[in-house]
Amino acid sequence: MSVRKRELLRLATAGSVDDGKSTLIGRLLVDTRSLLADHLEDVTRNGGGPDLAAITDGLRAEREQGITIDVAYRFFATARRSFILADTPGHERYTRNMFTGASTSDVAVVLVDARTGVVTQTRRHAQISSLLGIRHIVVCVNKMDLVDWDEARFGAVERQARELGERLEIRDLVVIPISALYGDNVATRSPAAPFYDGPSLLEYLEEVDIQAERDLERLRLPIQWVGRAHDDGARLYAGRVAAGTIRVGDPVTLLPAGAATTVSALDTLDPDAAEAVPGLSVTVQVADQLDVGRGDMLVSAHDPPPAARELDCTICWMTEEPLRPGRRYALKHTTRTVRATVQAIHERTSSETLEKELDPAALELNDIGTATLRTSSVVLAEPYARNRVMGAFILIDEHSNDTVGAGIVTRARVVHPKPEGRRDVTWHPSALDRKERWAALRQRGATVLLTGLPASGKSTIAAALERRLVDAGQSAYLLDGDNIRLGLSDDLGFSPGDRAEHIRRVGQVARLFADSGAVAVLSLISPHAADRDDMRRAHQEADLPFIEVYVDTPVQECERRDPKGLYARARAGEIKSFTGVDAPYEPPSCAEVHVRTAQTGIEEAVDEILRQLRR
Amino acid sequence: MSSPAHRVSQLRALEAEAVFVVREVVAELSRPVLLFSGGKDSIALLRVAEKAFAPLPLPFPILHVDTGHNFPEVIEFRDRRIREAGHRLIVATVQRSIDTGRVAEDRPGASRNRLQTVTLLDALEAYGFDAAFGGARRDEERARAKERVFSFRDEFGHWEPRAQRVEPWTLYNARIRRGEHIRVFPLSNWTELDVWRYIETERLELPSIYFAHPRRVIERDGILLAESDWITARDGERVEEAVVRYRTVGDLTVTGAVRSRAGDIPGVMREIAASRVSERGETRADDRVSDAAMEDRKREGYF
């Protein structure tokens, strides 16, 4: 008889308080003797049995309100396995927590009340579980005691569950009649349901084989950290195997560089294991001198992941501030963090009704939707359905530092292939330093960004400012957004992603002008605070003055002026996503100059900007 | 297909995950530190950290927040263990926080568990640490069950359970502003028994108080407290010589012993498996103050 090693299984439960989820978890903990006497005592009602549901309510606010808000992790064990259970709230307002709990799970336990059958919430849970790549779903038809263990009732609910499973293409779906309150079919099989001959929930959890389905064929080892030995200078590459196996002598390819080499040393943390498999953390050395950094990846030579710049993905949005096309975020995928711009949002699934909406304007908190992202540099991503680590990413707001979204890659595309090695490029300082240049020219460079609604008067003020500066002998140049679109940005359209890129390019050109000693005057609607902040940061990093001027004209007044007739065309539906009509404008919160055009004349505004420039 | 050799045991899976977490912090943050109490969890954590960077030295120092109410065996162990491994040890003392007026003691000899929060936060600030590894586990207590692996603290060191960052997969977000820091718990998903299994598998040495030994103790509110400079028998109490071991290491004035015959690791594991009381419930008087005692201390910035 072979001795099987003790294994770990991660599962997520989903369901609302009404479904008896907390009771079920309490029951599992009690029946596996995983709940210790003092914890049990805390929740035991005077004279009665334990309040099973109260066992899992962690934080005081939750205990007071009687709801489960956050993901809580519970631990129980049998002789053969240890279980980590992610206990997630069922309400649609906490979809993001459910998503988080399911993201690390191998098995999902979905609860259904025998009296009500499959409801919207059941569908949401099953859908998220399937989306997150959980291949084993157990539907527990709970409260069977309240329907007198009626076989026909169970049969009807089971049919509903199986239909749902087929639609979501779930390969392994088990339906078990249980009573969490009394423990029937939870740890042990119950005589109450003679019509059911399958395993109890716990028996199923002990048996289901989750290690058999790992991808052992194609190596994926994202490099996490690089160390250098003090004595011989040997480079050590640390990482956690995402797919495939690795041992000494294996030929491997380093991406994105594309260099081939061989594994020359391997530490699996276990002196008895010469080979590492998915999930294990390792340290490797390779035979050749290569330049390897965090975010690079060692892969097997055949079937490598693409060096993608565009990702089709499904995103769960996790913050109040909505996700909109054109927004830019930091994207963390494996150990690599890049910037990503939202090119388009294709579809939104409402968290309440599960109805789909095409071409939505935004994804709101707890929405799940499909989108296309473009990244600032390559991402070695593969479809999530093929490998969870290789297809998962988070989005981080670079201003608040918060994790605002989680994404699942459906397709990773290589676009605009360009030679790698950009990171070897560094800024070449001119032989002439800036101070010397500016002193000789008797001027100081700066960038002035005029932002505001279309027809708010930006260009008029910009032109007047340019004239006043040049008349005074200062080199100044009006960088008009449209003029740049005729050249530098002639490959860009008007999609939100392209607009953001256009603003970035104008900002970079302005930075060079300012460095040369000129005042770059920019007239750009630039509706997103994030794009303007990026531009500001680029200047701050280069130690160049940056003056943001908010040209504040009420939208009614802009529309009345409408010199190019654009508002009229937007109102008629001829132009889509027109700022001020059907696309938002985010006013600056800390502009150096705030021009209220209703009260301030053009020359007065110019005076104020000049004052700022002289500071 | 997966052969038996390709299957990963529970302990290896937990270790690999913890090593990943430690490396992620070192890769993304600039000044981490490892909190070490000389207790079994921090001993397991230290080994995980050493393995994460072997054969290279640990790329961060060790910080011990010393309440002054110590078991001498633990301090002896701490100094020897850290010296032999060649790590850099920083000791921040609660006594100094008291002497400099940062905190006030209720009365001499009272538990300093709560006071050490200030000492810890002051030390993190003084050295500019932006990440602190701790050995806390989610199975310890109900408030811990919802804590993230990367637990974000504001500039005052406070924890706000409702404003925790979401943490899907193992894609940890380590971004912070200046002055903020992250508590990192690589052993989040371990249980008490897992820690013991790891200590056994890795053949880790523990302070001798973890094994049965004779000691003069006083039973107070159902807890066996060691007789010491700070704890002496009150009226109606008596000192007895008992054979005990400790399940946790903490401030000596509030850490209780359990009666035991277990002289080695397998013996201790057998007793724990049979025990029906959690380690905090059995041996930490400070968690008995209220139902939400741990949650309150955590919000203030406790370990």
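Everything numeric here is computed off the predicted structure, so don't read it as measured data. The analysis underlying the following values was restricted to heavy atoms, covering all of them including side chains, and did not include hydrogens, waters or symmetry mates. Below, chains carry the letters A, B, ... as their sequence lines are ordered, and counting in each starts from 1.
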Using the salt bridge (Lys or Arg N to Asp or Glu O under 4.0 Å) rule, take B/Arg7 and A/Asp209 through it: C-alpha gap first, then chi angles, then the decisive distance, then the call. CA-CA 11 Å; B/Arg7 302 189 78 87; A/Asp209 189 353; 2.9 Å; yes
Step by step, work out the side chain to side chain contact (heavy atoms under 4.5 Å, CB included) result for B/Thr170 and A/Arg240. CA-CA 11 Å; B/Thr170 50; A/Arg240 193 175 185 194; 4.1 Å; yes
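Heavy atoms of A/Phe99 lying under 4.5 Å from chain B belong exclusively to its side chain. Residue B/Leu193: no heavy atom, backbone or side chain, is found under 4.5 Å from chain A. Heavy-atom distances place the backbone of B/Ser188, and not its side chain, under 4.5 Å from chain A. Using a 4.5 Å cut-off between heavy atoms, A/Arg228 contacts chain B through its backbone alone, with no side-chain atom that close. Only the side chain of B/Arg197 has a heavy atom closer than 4.5 Å to any heavy atom of chain A. Contact of A/Val282 with chain B is made through the backbone alone, with heavy-atom distances under 4.5 Å. A/Leu269 touches chain B through backbone and side chain together, each having a heavy atom under 4.5 Å away. Proximity to chain A is limited to the side chain of B/Thr191, based on heavy atoms less than 4.5 angstrom apart. There is no contact between A/Thr319 and chain B, counting heavy-atom distances below 4.5 Å.
Residue with the most contacts toward chain B among A/Ala330, A/Ala273, A/Pro278, A/Ala238: A/Ala238 (heavy-atom pairs, distance under 4.5 Å). Ranked by heavy-atom pairs shorter than 4.5 Å toward chain B, the options A/Leu9, A/Leu280, A/Thr268, A/Asp267 are led by A/Leu280. The residue among B/Glu15, B/Glu17, B/Glu167 with the most heavy atom pairs within less than 4.5 Å of chain A is B/Glu17. Of the listed residues (A/Leu132, A/Asp270, A/Thr104), the greatest number of heavy-atom pairs within a distance under 4.5 Å of chain B belongs to A/Asp270. In terms of non-hydrogen atom pairs under 4.5 Å with chain B, the most contact-rich of A/Thr245, A/Val404, A/Ile396, A/Asp402 is A/Ile396. When B/Asp194, B/Ile176, B/Leu56 are compared by the number of non-hydrogen pairs under 4.5 Å with chain A, B/Leu56 comes out ahead.
In this structure, B/Pro168 and A/Ala406 approach most closely via the heavy-atom pair CG-CB, 3.9 Å.
By the 4.5 Å heavy-atom criterion applied to side chains, B/Pro57 and A/His230 are counted as neighbours. Counting heavy atoms from C-beta on, the side chains of B/Arg23 and A/Thr283 come closer than 4.5 Å. Counting heavy atoms from C-beta outward, B/Arg175 and A/Thr337 have side chains that approach closer than 4.5 Å. At least one side-chain heavy atom of B/Glu28 sits less than 4.5 Å from a side-chain heavy atom of A/Lys332. Here the side chains of B/Asn189 and A/Phe75 are in contact, with some heavy-atom distance below 4.5 Å.
Expressed to the nearest 0.5 Å, how far CD1 of A/Ile394 lies from CG of B/Leu171 amounts to 5.5 Å. Taking CD of B/Glu24 as the reference point, atom OG1 of A/Thr335 lies at 7.0 Å (rounded to 0.5 Å). With values rounded to the nearest 0.5 angstrom, A/His399 atom NE2 is found 10.5 Å from B/Arg177 atom CZ. Remark: A/Thr100 OG1 to B/Arg148 CZ distance equals 7.0 Å, nearest 0.5 Å.
For B/Phe20 and A/Trp225, the ring centers sit 6.0 Å or farther from each other.
Among A/Gln211, A/Glu275, A/Arg214, the single residue meeting the side chain to side chain donor-acceptor pair (under 3.5 Å) criterion with B/His6 is A/Glu275.
Judged by distance alone, the side chain of B/Arg165 and the main-chain N or O of A/Asn401 form a donor-acceptor pair under 3.5 Å.
Applying the salt bridge (charged side-chain N to carboxylate O under 4.0 Å, His left out) rule to B/Arg203 yields no partners; only residues at least two apart in sequence or on another chain are considered.
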